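Please read the structure below before turning to the comments.
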Amino acid sequence: MSRIIALSNQKGGVAKTTSCISIGACLAETGQRTLIVDLDPQAHLTIASGLNPDDLPVTIVDLLAMADEPVDQVIQPTSVPSLDILPADLRLAETEMSFYNHPDYEEKLVDILGQLRSRYSYILLDCPPSLGGMAILALTAAEYALIPVPCEYFASRGLIRMMDIVEAVRKRTNPGLAYGLFVSLYDARNRVSRQILEQLRDHFGEHLFDTVINIDTRLRESTMVGEPITTYAPQTRSSQQYRALAQELVSRLEKKNSYE
Ligand SMILES: Nc1ncnc2c1ncn2[C@@H]1O[C@H](COP(=O)(O)OP(=O)(O)O)[C@@H](O)[C@H]1O
Ligand SMILES: [Mg+2]
């Protein structure tokens, strides 16, 4: 059964999409079959995987519309062996609006992913930068919310709302939801970065990952060429940091198992 992880934070530009494709590629690199799922109407994950959303005859939008679309026709391979994607397109914004007429919409993704859980070791969900229906859908389907945080002064304040949502989803639809945070844009040249990291550690304790991801323009470039960092620049520090992050995630998930 696959482990399902939602990359979630209502703030945009915190590296959710970059982390989704990078961690996915790192897990696939170790031979684990991995699926990344685009849940953002902007379809950045789809584009970052080298696909053009406008060229795709079917996407996750068709699965969520419950048009009995076979899931196999929607899954696309990526340039990385063992890494597949469920792509999105712009119509996903309308899908999210339609949720408000369906009181049980939260379970829709659970049903779709249920068909795939025997085929993938890991399923990573890339959430949009909001805490609307799509984010709730993802947090209901996931066992773990992985929250990227930039290393900036107001980071922990902005996270209060995110934590409220995790708590609300636990109460309503998914009592087993666990979470962890990691610093996704660490500026080593900025003197206060270390201080902020310590504040985050004080605030979130064990929930904060040991691994941090430094700011690196190669990550920006890799998104633009539609390739994960691990194949675009496999030996760089960012690649190594994302490999370490993926390993830390795997060991945290295993540890979580032993408590259950
Ligand atoms: N560690 C990093 N260093 C430099 N740029 C980064 C890093 N991580 C992500 N980026 C860039 O920051 C921008 C926002 O990242 P993205 O993954 O799209 O965030 P989100 O999905 O949270 O909106 C993108 O242009 C991306 O290439
Ligand atoms: Mg994104």
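For ligands, and for the atoms within them, numbers begin at 1 and follow the listed sequence. Computed over heavy atoms, backbone and side chain alike; hydrogens, waters and symmetry mates excluded. It should be emphasised that the depicted structure is a prediction, and the values quoted were computed from it without experimental measurement.
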Taking only non-hydrogen atoms of L7, do any sit less than 4.0 angstrom from ligand 1?
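It does not; every heavy atom stays at 4.0 Å or beyond.
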Does at least one non-hydrogen atom of P129 fall below 4.0 angstrom from an atom of ligand 1?
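The answer is no: ligand 1 sits nowhere under 4.0 Å from a heavy atom of P129.
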Quick one: nearest non-hydrogen protein atom to atom 12 (O) of ligand 1, plus distance?
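Sorting protein heavy atoms by distance from atom 12 (O) of ligand 1 puts R220 NH2, 3.5 Å first.
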Minimum-distance protein heavy atom relative to atom 19 (O) of ligand 1
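Protein heavy atom at minimum distance: A15 N, 3.0 Å.
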Would you say that [X] contacts [Y] through its side chain, given a criterion of any heavy-atom pair below 4.5 Å between the two side chains?
X	Y	answer
R220	T223	no
C151	S193	yes
L181	M163	yes

Atoms of ligand 1 close to [X] [distance to a heavy atom under 4.0 angstrom, numbered from 1]:
X	result
T223	27 (O)
S184	1 (N)
G12	23 (O)

For E96 versus G132, what's the shortest heavy-atom pair and its separation?
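Minimum heavy-atom separation between E96 and G132: OE2-C, 3.5 Å.
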Among I36, L35, L83, whose side chain to side chain contact (heavy atoms under 4.5 Å, CB included) with L124 holds?
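Option passing the side chain to side chain contact (heavy atoms under 4.5 Å, CB included) with L124: I36.
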Once you measure the plane-to-plane angle for Y242 and F182, does it fall in the parallel (<30°), tilted (30-60°) or perpendicular (>60°) bin?
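Because their plane-to-plane angle is over 60°, the rings of Y242 and F182 count as perpendicular.
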Distance-only N or O hit between ligand 1 and [X], under 3.5 Å:
X	value
K16	yes
T217	no
D126	no
G13	yes
V14	yes
K11	no

Would you tell me whether T140 and N174 have side-chain atoms, one donor and one acceptor, within less than 3.5 Å of each other?
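No - no donor-acceptor pair under 3.5 Å links their side chains.
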Strictly under 2.8 Å, is the Mg ion (ligand 2) approached by any N, O or S atom of T17?
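It does: T17 brings an N, O or S atom closer than 2.8 Å to the Mg ion (ligand 2).
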Shortest heavy-atom approach to atom 7 (C) of ligand 1 - which of L185, D187, T18:
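The nearest heavy atom belongs to L185.
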Option with minimal heavy-atom separation from atom 3 (N) of ligand 1, where the choices are L219, D216, I47
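Heavy atom nearest to atom 3 (N) of ligand 1 belongs to D216.
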Proximity to ligand 1 by part of T17, non-hydrogen separation under 4.0 Å
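For T17, backbone and side-chain atoms both sit under 4.0 Å from ligand 1.
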Is the NZ or CZ atom of R252 both under 6.0 Å from the centre of the six-membered ring of Y144 and within 45° of that ring's axis?
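Negative - R252 is either too far from the ring of Y144 or too far off its axis.
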Test N190 against I196 for side chain to side chain contact (heavy atoms under 4.5 Å, CB included), laying out the working first.
CA-CA 10 Å; N190 185 335; I196 293 168; over 6 Å; no
Presence of salt bridge, R170 and E167, under 4.0 angstrom:
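Salt bridge: yes.
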Looking at L159, is its backbone amide N or carbonyl O close enough to the side chain of Q10 to form a donor-acceptor pair, meaning the two atoms are under 3.5 Å apart?
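Side chain of Q10 to backbone of L159: no pair is present.
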